[in-house]
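Report on the following structure.
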Amino acid sequence: MAFGSLTMVSWGIWIVLGNAASESMDPKTAAAVSYLVATLLAVGFVLVTDASLAITPRGGLLAGLAGLFAGIGFVSMYLGLATGSTTVVSTLGAMYFVVAALIGMAVLGDEVTTTRVAGLLFAGVAVVLVSH
């Protein structure tokens with residue numbers, strides 16, 4: 001719960017600051033600077049904690065692919081902020097959980113329930129309401 005809350009607050013602040021950065025400089029450069037700082041923070045965190053430095057082939061591949069898609073999302077968020085409304089771009093970007101939930105149910109065998117389907121539909125309605 002605490003880490004989820006910290007993520008929510010941090011990403012909310014990131015969007016607002018990213019929007020300001022995208023208006024102050026080229027959004028692609030702003031994304032690169034922001035990602036560089038995030039990378040340094042992540043590497044520093046690994047080095048100062050008791051994290052294992054062992055990288056398995058499967059884990060390395062999956063982490064690398066996760067980074068690839070995180071980077072695509074990161075850059076596209078900055079480009080979106082430079083051309084669109086912070087409210088709309090951030091709301092659409094925050095809907096990543098719908099994609100993860102659909103993959104979980106369609107590919108990973110997560111149970112499809114009426115409650116989950118309703119939640120995803122309500123999330124879609126929320127996007128429409130927030131973006132208008």
Side-chain angles (χ1 to χ4, degrees):
M1 180 84 158
F3 289 122
S5 297
L6 181 59
T7 300
M8 175 187 67
V9 171
S10 296
W11 285 355
I13 293 168
W14 162 64
I15 293 292
V16 173
L17 293 175
N19 183 55
S22 293
E23 292 174 354
S24 301
M25 62 192 296
D26 185 299
K28 296 176 284 296
T29 303
V33 170
S34 183
Y35 220 74
L36 176 62
V37 171
T39 299
L40 293 173
L41 177 69
V43 170
F45 184 72
V46 166
L47 295 176
V48 300
T49 64
D50 62 349
S52 170
L53 298 178
I55 300 173
T56 64
R58 181 176 189 273
L61 175 64
L62 291 171
L65 288 172
L68 172 69
F69 284 101
I72 291 168
F74 200 78
V75 171
S76 67
M77 178 70 76
Y78 274 86
L79 293 173
L81 290 170
T83 60
S85 159
T86 303
T87 302
V88 174
V89 173
S90 65
T91 302
L92 284 171
M95 293 295 290
Y96 68 87
F97 74 91
V98 172
V99 175
L102 292 173
I103 292 170
M105 289 186 281
V107 178
L108 302 177
D110 290 351
E111 185 178 3
V112 179
T113 66
T114 303
T115 305
R116 287 181 179 168
V117 171
L120 295 175
L121 290 174
F122 280 126
V125 170
V127 168
V128 171
L129 293 174
V130 170
S131 65
H132 283 88

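Index from 1, following the sequence.
Taking Leu40 as the reference, Leu36 meet the side chain to side chain contact (heavy atoms under 4.5 Å, CB included) condition, with sequence neighbours excluded. Taking the side chain to side chain contact (heavy atoms under 4.5 Å, CB included) definition, one finds that Trp11 meets it with Thr7, Trp14, Tyr96, sequence neighbours left out. For Leu41, there are no side chain to side chain contact (heavy atoms under 4.5 Å, CB included) partners two or more places apart in sequence or in a different chain. Residues satisfying the side chain to side chain contact (heavy atoms under 4.5 Å, CB included) test with Leu17, not counting sequence neighbours, are Ile13. Every residue two or more places apart in sequence or in another chain was checked for a ring pair (Phe, Tyr, Trp, His ring centres under 6.0 Å) with Phe97, and none qualifies.
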Tabulate below the donor-acceptor pairs under 3.5 Å that side-chain atoms of residues 83-93 make, not counting sequence neighbours, or state none.
residue	atom	partner	partner atom	Å
Thr83	OG1	Leu79	O	3.2
Thr83	OG1	Gly80	O	3.4
Ser85	OG	Thr87	N	3.2
Ser85	OG	Val88	N	3.4
Thr86	OG1	Asn19	OD1	3.3
Thr86	OG1	Asn19	ND2	3.0
Ser90	OG	Thr86	O	2.6
Ser90	OG	Thr87	O	3.3
Thr91	OG1	Thr87	O	2.6

Please list, one pair per line, the donor and acceptor atoms closer than 3.5 Å that link side chains of residues 109-118 to other protein atoms, with sequence neighbours excluded.
residue	atom	partner	partner atom	Å
Thr113	OG1	Arg116	N	3.1
Arg116	NH1	Glu111	O	2.6

Give the table of side-chain donor-acceptor pairs shorter than 3.5 Å for residues 52-68, with sequence neighbours excluded, one pair per line with atom names and distance.
residue	atom	partner	partner atom	Å
Ser52	OG	Ala54	N	3.1
Thr56	OG1	Gly59	N	2.9

Table please: side-chain donor-acceptor pairs of residues 122-132 below 3.5 Å, with sequence neighbours left out.
residue	atom	partner	partner atom	Å
Ser131	OG	Val127	O	2.8
Ser131	OG	Val128	O	3.3
His132	ND1	Val128	O	2.7

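Pairing each heavy atom of Ala30 with each of Ser22, the nearest pair is CB-N, 4.4 Å. In terms of heavy atoms, Gly73 sits closest to Ser76 at O-OG, 3.0 Å.
Applying the side-chain hydrogen bond (donor to acceptor under 3.5 Å, both in side chains) definition to pairs two or more places apart or across chains, those involving residues 30-42 are Ser34-Tyr78. Under the salt bridge (Lys or Arg N to Asp or Glu O under 4.0 Å) criterion, the residue pairs touching residues 12-31 are Asp26-Lys28, with sequence neighbours excluded.
With a 4.5 Å cut-off between side-chain heavy atoms of Ile, Leu, Val, Met, Phe, Trp and Tyr, the cluster of Ile103 takes in Val99, Val107, Leu108.
Put simply, Met95 and Leu121 are part of the same group of oily side chains (I, L, V, M, F, W, Y) that touch within less than 4.5 Å, one to the next.
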